Protein chains: 2
Amino acid sequence: MTSSPPAPGRRPTIDDVAAEAGVSRGTVSRALNGNHWVSPDAQRAVEAAVKKTGYRVNAYARGLRRRRAGSVAFLLGEDLDQMFADPNFATLMRGASESLAASGLSMVLLLAGSAEEQARALDFIGTGQIDGVMFVSWHHDLSVLADLNRAGVPTIFCGTPEAGTSTTGYVSADDFDGSVQMVQHLLSRGRTRIAMIAPPSDAVGGNLRLEGYLKALGPGADESLVVHGDYSRESGRRAMLELLSAHPEIDAVFAANDLMAAGAIEAAQSLGKEVPRDIAVGGFDDSAAAVSITPAITTMRQPFRRITNEMTRLLLQQIDGEPPAHMTLRTELVVREST
Amino acid sequence: MTSSPPAPGRRPTIDDVAAEAGVSRGTVSRALNGNHWVSPDAQRAVEAAVKKTGYRVNAYARGLRRRRAGSVAFLLGEDLDQMFADPNFATLMRGASESLAASGLSMVLLLAGSAEEQARALDFIGTGQIDGVMFVSWHHDLSVLADLNRAGVPTIFCGTPEAGTSTTGYVSADDFDGSVQMVQHLLSRGRTRIAMIAPPSDAVGGNLRLEGYLKALGPGADESLVVHGDYSRESGRRAMLELLSAHPEIDAVFAANDLMAAGAIEAAQSLGKEVPRDIAVGGFDDSAAAVSITPAITTMRQPFRRITNEMTRLLLQQIDGEPPAHMTLRTELVVREST
DNA sequence: CTGAAAGCGCTTACAG
DNA sequence: CTGAAAGCGCTTACAG
């Protein structure tokens, strides 16, 4: 069998491999896709031919045939600057990328922070170039979620979407329980006046961390000890100054994330207070920020790897036709020096 | 002509549109692609049919036919955490995304910060799902660039790649000239002992900002007044402390980016020095960091929008078969309060 | 200006 | 275990 070599500059196709290996196109495809029904000889010949020709499957032909894209969008419902300011975000994104790769899927980042970006992202998704969407957003504009649902695109949300959005699958840390744990920890340290630097009031998930705090303190909770931040370090700083000036007697603060906790510690120190002696500070997330400050921050560890793994798994199931599922993962108290 | 409606759950295809509009598939395609040779009547009928059926072009069929993907990779040669710490990065990414969108291309983010990620990214690129690559990396591992060149993928680099890498197209701010301008500005302010917080020694582009500084000072330059940072705020802080302790007589510092300049100002202030009275501090980039501190930082403005626009333009030319081109854009002095 | 036809590069029943 | 064939949904010469 004489195989005419591919024309120069042309990408080798499956037919070039078939000719080189001396088998049919179908056999090459089966060998490449790990199908059974391929003899060891044929398998070897195909592998050698692939190497020799430098063959790479054409994603368009495959996608057209399989009606499957082989990639998933990581959709960012937030402004880039905000996302980048949050150390959790890189962790999440890296985890998702690795987890998807392990399933043979590639990750495509799509921005949807502005109305214009949203339109573009939905447009891209509409062309069928992705099989599903991982949606990350920490504020409350979930209209994109509705659009995605309407278009029938398998979607998994990271966090807890608004109550009632049960048509969307999601994976979330147990924010409520985590907050209860943290407050109980502070109580166990003998603290009695525990304030909170809460998530912004428009936070996704109905402010479960605040609810956990209120629940743990029971009827003794004092709403005037709650100040809202915006998850930034600077807002933690401001909130702490506000709390200390209005309520100098507080002996502990639970901040809804480590970044705000770090800001709170800085603010307390700037006022000559010692942490945790004068005031204990607890955080949430166990992000890099928790250990980049002295004292290192006691915090609730979010199981990020687990979260991204489960997001991938549930999304794949949805892509395979399963209905959306929810999942809530427990957080773990990490005691350091700040409490 | 009776058109059988698309089966429920099936995406409408071009044939559904053709049936609905009462024209042939070819006419629909021509109408959709803005081709001439379509009668106004046909054009209208097609547009109505598209709206009615909710037709979206199938990207795989189109890509297979056109041998063009319609999307470009934004390839990150850096670790995510490092990128996210740099305010320029979000600016660059947003600009690239918008600029590509304006040309009808979508942007796909690909990570190549680790060897594993590099392999995955090259693999994805190899399947032909993207037409070209915008490569952003601020350190010196340019092996990916070589891989991309070998694979014949149109690539445009953001910044100045190592001298001699002339096979790659790039767009860059004129770092050398910008640094000369800044030093001249400091000299014009009557400063005589000007230190520098330079880029890391393995920075991409052979440390042009440092070279500009040395050039502007001429034979009077004192290498002992140069300390290398790593572009982070914290490194600027450390560098400033080091400089002030070894050379208390310095009256100005030029930091290679705004983040380090901000750190330097904080360090100076922590030692009781007033900026600019006791010591002037100049930055580079005109990023958000420049105006988020008091005093606001005098800096060299990088023309980011122009950079991303030119990157898009040059990349599109390469995709169309033009040879790679270089472009260097002038930076502009922005005088604020720190000098 | 329009339609019929070929073909992009794959995968997958189907028949053997 | 293997090959021949159909077909995924488009675009684009080609003939009219």
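This one's a predicted model, so the numbers in the text were calculated from it and none came from an experiment.
- C:dG16 sits 16 Å from C:dT12 when the C1' atoms are compared, rounded to a whole Å.
- Side-chain atoms of B:Arg30 lie closest to C:dG3 of the nucleotides D:dT2, C:dG3, D:dC10.
- Checking the phosphate oxygens (OP1, OP2) of C:dG3, a side-chain nitrogen or oxygen of B:Thr27 falls inside 4.0 Å.
- The aromatic ring centres of B:Tyr170 and B:Phe157 sit 6.0 Å or more apart.
- Spacing between D:dC10 and D:dC14 at atom P, rounded to whole Å, works out to 24 Å.
- With A:Glu47 as the fixed residue, the side chain to side chain donor-acceptor pair (under 3.5 Å) test singles out one of A:Arg44, A:Lys51, A:Gln43: A:Gln43.
- Applying the Watson-Crick and G-U wobble criteria (two distances, each under 3.5 Å), D:dC14 pairs with C:dG3.
- Closest contact between the side chain of A:Tyr55 and the listed nucleotides C:dT11, C:dT2, C:dC10 involves C:dC10.
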Stepwise side chain to side chain donor-acceptor pair (under 3.5 Å) check, A:Asn33 with A:Arg62: CA-CA 11 Å; A:Asn33 291 299; A:Arg62 174 179 275 177; 3.1 Å; yes

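- The two residues A:Met134 and A:Ala96 come nearest to each other via the heavy atoms SD-CB, 3.9 Å.
- Residue B:Asp41 contributes atom CG, which lies 13 Å from atom C1' of C:dT2 at whole-angstrom precision.
- The nearest whole Å value for the distance from the CZ atom in B:Arg62 to the C1' atom in C:dG9 is 18 Å.
- Closest approach to the A:Leu64 side chain among C:dG9, C:dT11, C:dG3 is made by C:dG9 (side chain taken as heavy atoms from C-beta onward).
- In terms of phosphate contacts, A:Arg11 brings no side-chain nitrogen or oxygen within less than 4.0 Å of OP1 or OP2 of C:dC8.
- Distances were taken from every side-chain heavy atom of B:Ala61 (C-beta onward) to each of D:dA13, C:dA13, D:dC10; the shortest belongs to D:dC10.
- Distance check on atom P: D:dC1 versus D:dA5 gives 24 Å, rounded to whole Å.
- Taken to the nearest 0.5 Å, the CG atom of B:Leu109 stands 5.0 Å off from the CG atom of A:Leu109.
- Note: CZ (B:Arg25) to C1' (C:dA6) measures 10 Å, nearest angstrom.
- The side chain of A:Ser39 contributes no N or O atom lying less than 4.0 Å from OP1 or OP2 of D:dC1.
- Residue side chain B:Arg67 does not reach the base of C:dG9 through any donor-acceptor N/O pair under 3.5 Å, judged by distance alone.
- Between A:Thr13 and C:dG9 there is no side-chain polar atom (N or O) within less than 4.0 angstrom of OP1 or OP2.
- Distance B:Asn33 CG to D:dC10 P: 11 Å, rounded to the nearest Å.
- Atoms CZ (B:Arg68) and C1' (D:dT11) sit 14 Å apart, rounded to a whole Å.
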